[in-house]
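The next block holds one structure in the form of structure tokens; read it before the comments.
Just so it is clear, the model here is predicted, and its values are computed rather than measured.
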Amino acid sequence: QVQLVESGGGLVQAGGSLRLSCAASVSLFSIRAMAWYRQAPGKQRELVGSITNFGSTNVADSVKGRFTISRDNAKNTMYLQMNSLKPEDTAVYSCKANLRSFEYWGQGTQVTVSS
């Protein structure tokens with residue numbers, strides 16, 4: 001079983017920055033891919049960014065140039081660096097890990113951006 005724990009969310013003013021962390025209970029070498037998702041009230045869950053076990057990353061067009069996804073294999077942790085935050089970035093951010101044929105999800109962390 002894989003456990004994922006997100007942290008780093010909070011309240012920030014527009015234009016500010018936050019770094020989210022997703023700590024995994026297993027080595028990232030055993031995880032095929034990891035991703036950050038977010039869901040705002042009244043909206044569908046959307047993919048924010050992903051990173052593979054090869055280290056390649058992708059982020060959504062809506063956050064490109066502002067958000068960066070990375071990982072630290074030694075700490076079994078994936079990060080989402082969020083800069084130039086906008087009120088529309090307000091959402092619950094969750095991490096997902098793909099291991100073998102299964103998906104695992106964390107509980108999520110709230111990010112609120114005030115204007």
Side-chain angles (χ1 to χ4, degrees):
Q1 192 78 290
V2 176
Q3 295 179 343
L4 304 172
V5 180
E6 300 98 334
S7 62
L11 175 64
V12 65
Q13 293 184 359
S17 298
L18 285 174
R19 189 181 73 165
L20 305 184
S21 299
C22 174
S25 63
V26 298
S27 171
L28 299 191
F29 289 112
S30 67
I31 300 177
R32 184 175 65 203
M34 300 182 72
W36 285 101
Y37 287 80
R38 68 184 182 184
Q39 187 167 25
K43 295 185 177 181
Q44 292 184 314
R45 184 180 63 193
E46 64 176 344
L47 175 65
V48 178
S50 63
I51 186 167
T52 70
N53 55 1
F54 299 103
S56 62
T57 61
N58 284 295
V59 296
D61 289 341
S62 60
V63 303
K64 191 169 298 182
R66 300 188 297 119
F67 290 12
T68 303
I69 188 169
S70 62
R71 69 186 186 188
D72 187 333
N73 293 338
K75 297 182 178 180
N76 292 345
T77 301
M78 175 181 64
Y79 301 98
L80 182 67
Q81 179 66 47
M82 305 185 294
N83 299 323
S84 302
L85 283 162
K86 305 175 181 179
E88 50 263 45
D89 295 320
T90 296
V92 174
Y93 285 72
S94 302
C95 68
K96 182 190 75 175
N98 293 330
L99 181 62
R100 299 177 184 178
S101 61
F102 297 95
E103 291 184 350
Y104 300 89
W105 290 86
Q107 292 300 117
T109 185
Q110 176 71 48
V111 172
T112 302
V113 184
S114 64
S115 60

Can a donor-acceptor pair be found, under 3.5 Å and without considering hydrogens, that links the side chain of [X] to the backbone of [Y]?
X	Y	value
R32	N98	no
E6	G108	yes
T109	Y93	no

For L47, the rest of its hydrophobic cluster, which grows through side-chain links under 4.5 angstrom: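 Direct or chained contacts put L47 with Y37, W105.
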Note, [X] side chain near [Y] side chain (heavy atom, < 4.5 Å):
X	Y	result
M82	V48	no
L4	M78	no
L20	R38	no
S27	N73	no
R19	T68	no
T90	Q110	yes

Under 4.5 Å between side-chain heavy atoms, hopping through other hydrophobics if needed: is there a path connecting [X] to [Y]?
X	Y	answer
L80	L18	yes
I51	Y104	yes
F102	V26	yes

Contacts of F67 that satisfy ring-ring contact (aromatic ring centres under 6.0 Å, His included) - sequence neighbours left out: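 Partners of F67 under the ring-ring contact (aromatic ring centres under 6.0 Å, His included) test: none.
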With sequence neighbours excluded, residues passing salt bridge (Lys or Arg N to Asp or Glu O under 4.0 Å) with E103: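 Partners of E103 under the salt bridge (Lys or Arg N to Asp or Glu O under 4.0 Å) test: K96.
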Non-hydrogen atoms of A14 and S115 that approach each other most closely: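 Looking at all heavy atoms of both residues, the closest pair is CB-CA, 4.5 Å.
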Over all atoms of both residues, closest heavy-atom pair of S17 and N83: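 Distance-wise, the nearest heavy atoms are OG-OD1, 2.9 Å.
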Pair V63-K86, side-chain contact (heavy atoms from CB on, under 4.5 Å): steps then yes or no: CA-CA 10 Å; V63 303; K86 305 175 181 179; over 6 Å; no
Worked check of salt bridge (charged side-chain N to carboxylate O under 4.0 Å, His left out) between D61 and K64: CA-CA 5 Å; D61 289 341; K64 191 169 298 182; 3.1 Å; yes
Please report the interatomic distance [atom1]([X]) to [atom2]([Y]), rounded to the nearest 0.5 Å.
X	Y	atom1	atom2	value
L28	L99	CG	CG	11.0 Å
W36	S50	CH2	OG	13.0 Å
S94	Q39	OG	CD	8.0 Å

Candidate pair D89 and V111, rule side-chain contact (heavy atoms from CB on, under 4.5 Å), full reasoning: CA-CA 8 Å; D89 295 320; V111 172; 5.5 Å; no
More than 12 heavy atoms from other groups under 6.0 Å of CD on Q3: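 Counting other residues, nucleotides and ligands, CD of Q3 stays at 12 neighbours or fewer.
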Q107, CD atom: more than 12 neighbouring heavy atoms under 6.0 Å: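 Counting neighbours around CD of Q107, 12 or fewer heavy atoms of other residues, nucleotides or ligands fall under 6.0 Å, so no.
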